[in-house]
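What follows is a set of notes on a single structure, which appears directly below.
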Amino acid sequence: MSESAQHADIQKTMLAQQKSEHRKKQILNLVLLALLLVAPAVLYPVFLMKILCFALFAVAFNLLLGYTGLLSFGHAAFLASGAYTTGYLLSNYSGLTTEMGILAGTAVATLLGLGFAVVAIRRQGIYFAMITLALAQLMFFFFVQSEFTGGEDGLHGVPRGYLFGFIDLSDNMNMYYFVLAVFLASYLLVQRVVSSPFGQVLKAIKQNEPRAISLGYNVNQYKLLAFVMSSGLAGLAGSLKTVVFQLASLNDAHWHLSGEVILMTLIGGTGTLLGPVVGATFVVNLEYQLSQGPLGDWVDAILGAIFVLTVIAFRSGIIGEVQKFMRKNLS
Amino acid sequence: MSMILGVPLAVLSGQLLLGVINGAFYALLSLGLAVIFGLLKIINFAHGAMYMLGAMATVILFDTLGVNYWVALFVAPVLVGCLGMAIEYFLLRRIGGQDHIYSLLLTFGVALMIQGILTNIYGVSGLRYSMPDVFKGGMNLGFMFLPYYRAWVIVMALLVCFGTWFMIEKTKLGAYLRAGTEDSQLLQGFGINVPLLVSLTYGFGVMLAAFAGVLAAPIYSVTPGMGSHILIVVFAVVVIGGMGSIAGAIITGILMGVVEGLTKTFYPQASSAVIFLVMVVVLLIRPSGLFGKEA
C-alpha cells in the first residue's frame, strides 16, 4: 500500500470514529432529554426546577472559566440583579406578563456584566478574580441599602403570573416545562457559541493569551463579549429562580453563592458542556440531603472539604474523569 | 467647639482615628497577602480565616486555659502560623505546578472549612473578650479622646509592618526571599532550601494575619465570620495598591482606612462601598495599581 493510500485510510477510520462518537453523544443527549421530560412525574418539580436554575447558572459561569479561562468570583451579583429586577417588576406591575419580567431581569444583568467587564478585564488571572469579587461586594451593599430590594427582608410572594398572558405558571407542571425550555434553549446557545469560530478564539485565549494577541485577535473584545454573555445568562438563571420560588433575597447576592457556582462547575468538569449541569445537580442534591440529615449544620464545612478534595485529587471533574476513563478503556 | 466643613472637630478626629485603626488592620492583612504572593504567586483566600483564627484563638485560650493577652499575642500567631505551614505542606504543595487559579480555589475551600467548623462549634453570634486592665481608659488630647488600646493597636501594627519591611528589604533572609521571588529555581541552584523557604513564607504571612486577629479581639466582635468580609475589602486594597512593593501595601492599607473614616464622617451611606469605588477608579486610570510594577 502506498503511503498516501495509508494516510487516506487512517483519515477514514478517524472520521468514522468521530462520527460514531458524535452519534454516541447524540444518543446520550436524547436519553438525558427524555429523562428531563418525564422527571417531574417521579420527582418533586420544584426541586427539579431548582437544579435546572442552578445548572443554567453554572453553565453560564463555565462559559467564562471553562472556555475563556477567566475566573469570576462575583457571579452572584448577576444572578441577584436578575432576580431582584424580575421580582420587583412582577410584584409591582401586574400588567406585565412573566416572560417580560424575566427578559427585563436578564437585560439588567447583561448591562451590569458590561460594567463589570469594562473594569475587570484590565487585569488578568487572580487579579481578575479579586476585582470581580470586590465589585460583587459593592453590588451586595447596594442591594442591602436599596429600597426596591426590600433590604434585609428581600422580596417575598412574587407572583408567578401568566406566561405570554395565558399560561398559568402557578401550576407547577407548566412552570417546570417553561423552566426546562428556557434551560435547554440557553444550553443549546452556549453549545453553539463554544463550537463557533468565536468560541474557538475564546479557547485560544484560555490556552495562550499572548499567542492569541500576537495572532492579531483583539483579546479584550472577545473577553468582554464572553463576560457579557455569561452575566446575561446568569441573570436569566436568577430571574427564573425568582419566578419559581417567588422570592429574591440577599442570599442571591452573597459571595458564598459566587463560590458555590465555582464548586458546581469545578466538580462537574470545567470546559465541558455537561459538566456544570452534573455539578449543579450534585451540589444542590448534596445540600438537600445534608439539610435533611444530622449533618445539616456542617454543609459549609463539607462543601469546603469537597472543594479542597476536588482541587487536589480530580481537577477535571466528574465529566472530565468519565471522559478520561472512556478514552482509556473504550477506544 | 471648632468645626471643619460643618463637622465638629472631635467627631472628625474620632472618625479619622477609627479610620487609621481600620487602616492598620488592612495594612497588616495586605502585607501578609503581599509576602505570600511574592514567593508563592498565589492569593491566599484563607487569609481572612487566619485573621479570624487569631482572634478566636485569643478568646478560646483565655476561656479554657486562662492564657492572658500578652501571651496570646505571641502564642496565637505561632499556632496559626504552624497551621498555615501544615496547609502549605500537605495541600498547596501538591498542586505546585498547576495554574494559580487552583491554589486560589484550594485556599478558598480551606477558608470555607475552617469557617464552617468554627461556626458549628461557637455559633454565629461570636465570643466576648475583655481587654487587659492596663488598656482601660484613655487620654484627652485636647481636641479628642484617645483610648489607650487604640493607640496600642496603631503602634503595634506600625512596628510589625516596619519590622517586616526591614526584614524583607534589609536582611539576608529577606534577600533570599526576594531572590526566590525573582527566580526560585536559580535560588535552589545556589543551595538554598526553597521548599522550606516557601513553607516559612506562607507560615509567616499567615502569622501576620493571626497577629492582626489578636489585636482585633478586644475591639471587634469575635465571630467565625469576621474574616470573610474584611478579606474582600483587603482584596480591593491590594488591587488599589498593586502587589509591587511591601511598602506600597502598608501605605495603601492605612490610606484606605483613612478614606473610609472620612467617608463615614461626611457621607455615611457610602462608607462600606467607598473602597470598592476607589478600586474602580484606580483600575480605570492606572490598571496596575498605585504601586504596581507590572503592566
Side-chain angles (χ1 to χ4, degrees), chain A residues 65 69-74 115-116 118-142 144-146 206 254-256 258-260 262-263 265-267 270 295-313 315, chain B residues 37 41-43 45 49 87 90-92 94-95 98-120 224 228-229 231-240 242-243 269-277 279-281 283-284 286-289 292 294:
Chain A
L65 179 63
L70 293 175
L71 173 63
S72 158
F73 228 107
F116 269 45
V118 166
V119 176
I121 56 173
R122 288 162 181 267
R123 301 301 305 264
Q124 281 122 15
I126 34 189
Y127 276 102
F128 185 86
M130 288 197 286
I131 293 166
T132 44
L133 178 60
L135 290 174
Q137 191 72 356
L138 181 62
M139 287 311 294
F140 182 81
F141 287 127
F142 172 72
V144 171
Q145 292 191 348
S146 296
K206 183 191 176 189
H254 202 260
W255 58 264
H256 203 278
S258 300
E260 229 166 88
I262 298 175
L263 179 61
T265 310
L266 199 67
I267 204 166
T270 49
L295 290 174
D297 296 332
W298 293 91
V299 175
D300 272 10
I302 292 173
L303 283 184
I306 295 177
F307 230 114
V308 171
L309 269 178
T310 313
V311 170
I312 286 188
R315 279 181 290 280
Chain B
F37 181 81
K41 290 289 172 285
I42 67 163
I43 286 295
F45 238 95
I87 291 171
F90 290 110
L91 301 175
L92 280 170
R94 286 169 190 271
I95 52 166
Q98 302 292 331
D99 194 325
H100 297 308
I101 281 179
Y102 286 118
S103 40
L104 182 144
L105 294 177
L106 181 68
T107 48
F108 176 70
V110 169
L112 269 187
M113 269 172 77
I114 294 175
Q115 194 179 326
I117 292 170
L118 286 180
T119 308
N120 265 326
S228 55
H229 171 65
L231 181 69
I232 303 179
V233 177
V234 169
F235 278 176
V237 170
V238 162
V239 173
I240 293 169
M243 282 293 207
Q269 294 90 331
S271 62
S272 47
V274 67
I275 292 183
F276 302 115
L277 291 172
M279 181 194 78
V280 171
V281 173
L283 277 170
L284 291 175
R286 202 181 140 84
S288 54
E294 74 269 69

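Model, not experiment: these values are computed from the prediction. When reading the values below, keep in mind they use all heavy atoms of this one structure, side chains included, and skip hydrogens, waters and symmetry mates.
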**OP:** First locate atom CE of Met279(B), then atom CE of Met130(A), and finally report the distance between them rounded to the nearest 0.5 Å.
**Re:** 9.5 Å
Original post:
Looking at Ala273(B) and Leu138(A), what are the two nearest heavy atoms and their distance?
Top reply: CB-CD1, 3.4 Å
Subject >> Partner chain A: residue of Leu105(B), Ile43(B), Leu284(B), Asn120(B) with the largest heavy-atom pair count (under 4.5 Å) >> reply: Asn120(B)
Original post:
Just wondering, do Leu71(A) and Leu104(B) contact through their side chains at under 4.5 Å, heavy atoms?
Top reply: yes
Subject >> Heavy-atom pair count under 4.5 Å with chain A, highest-scoring of Ser228(B), Ser103(B), Ser272(B), Ala111(B) >> reply: Ser272(B)
Original post:
Looking only at heavy atoms, what is the nearest atom pair of Arg315(A) and Gln98(B), with distance?
Top reply: NH2-NE2, 3.0 Å
**OP:** Against chain A, work out which of Leu91(B), Thr107(B), Ile232(B) has the most heavy-atom pairs shorter than 4.5 Å and name it.
**Re:** Ile232(B)
Subject >> Separation between CG of Leu135(A) and CG of Leu283(B), rounded to the nearest 0.5 Å >> reply: 8.0 Å
**OP:** Heavy atoms only, distances under 4.5 angstrom: which of Phe142(A), Phe140(A), Phe128(A), Phe307(A) has the most pairs with chain B? Name it, please.
**Re:** Phe307(A)
**OP:** Please examine the side chains of Val311(A) and Phe108(B), heavy atoms only from C-beta on, and report whether any two atoms are closer than 4.5 Å.
**Re:** no
Original post:
What about the rings of Phe73(A) and Phe235(B), do their centers lie closer together than 6.0 Å?
Top reply: no
Original post:
Taking every heavy-atom pair that is under 4.5 Å apart, which of Ile275(B), Val239(B), Leu106(B), Val238(B) has the most such pairs with chain A?
Top reply: Leu106(B)
Original post:
Can you tell which of Val308(A), Thr310(A), Leu309(A) has the highest number of heavy-atom pairs within less than 4.5 Å of chain B?
Top reply: Val308(A)
**OP:** Please indicate whether Arg94(B) has more than 12 foreign heavy atoms, meaning atoms of other residues, nucleotides or ligands, lying under 6.0 Å from its CZ.
**Re:** no
**OP:** Report the distance from atom CD1 of Ile306(A) to atom CE of Met113(B), rounding to the nearest 0.5 Å.
**Re:** 10.5 Å
Original post:
After noting the C-alpha distance and the side-chain angles of Ile312(A) and Tyr102(B), does the key distance pass the side-chain contact (heavy atoms from CB on, under 4.5 Å) rule?
Top reply: CA-CA 9 Å; Ile312(A) 286 188; Tyr102(B) 286 118; over 6 Å; no
Original post:
Any idea which of Gly116(B), Pro287(B), Ala270(B) has the most non-hydrogen atom pairs under 4.5 angstrom with chain A?
Top reply: Pro287(B)
Subject >> Per-residue contact mode, Ile262(A) against chain B (heavy atom under 4.5 angstrom) >> reply: side chain
Subject >> Sole residue of Ile131(A), Val118(A), Val119(A) in side-chain contact (heavy atoms from CB on, under 4.5 Å) with Val280(B) >> reply: Val119(A)
**OP:** Heavy-atom pairs under 4.5 Å with chain A are the metric here; pick the option from Gly289(B), Ala236(B), Gly109(B) that has the most.
**Re:** Gly109(B)
Original post:
What part of Leu266(A) lies closer than 4.5 angstrom to a heavy atom of chain B: side chain, backbone, both or neither?
Top reply: side chain
Subject >> Derivation and outcome, side-chain contact (heavy atoms from CB on, under 4.5 Å), residues Leu133(A) and Phe45(B) >> reply: CA-CA 11 Å; Leu133(A) 178 60; Phe45(B) 238 95; 3.6 Å; yes
Original post:
What closest approach, in Å, do Gly69(A) and Ile101(B) show between heavy atoms, and which atom pair accounts for it?
Top reply: O-CD1, 4.1 Å
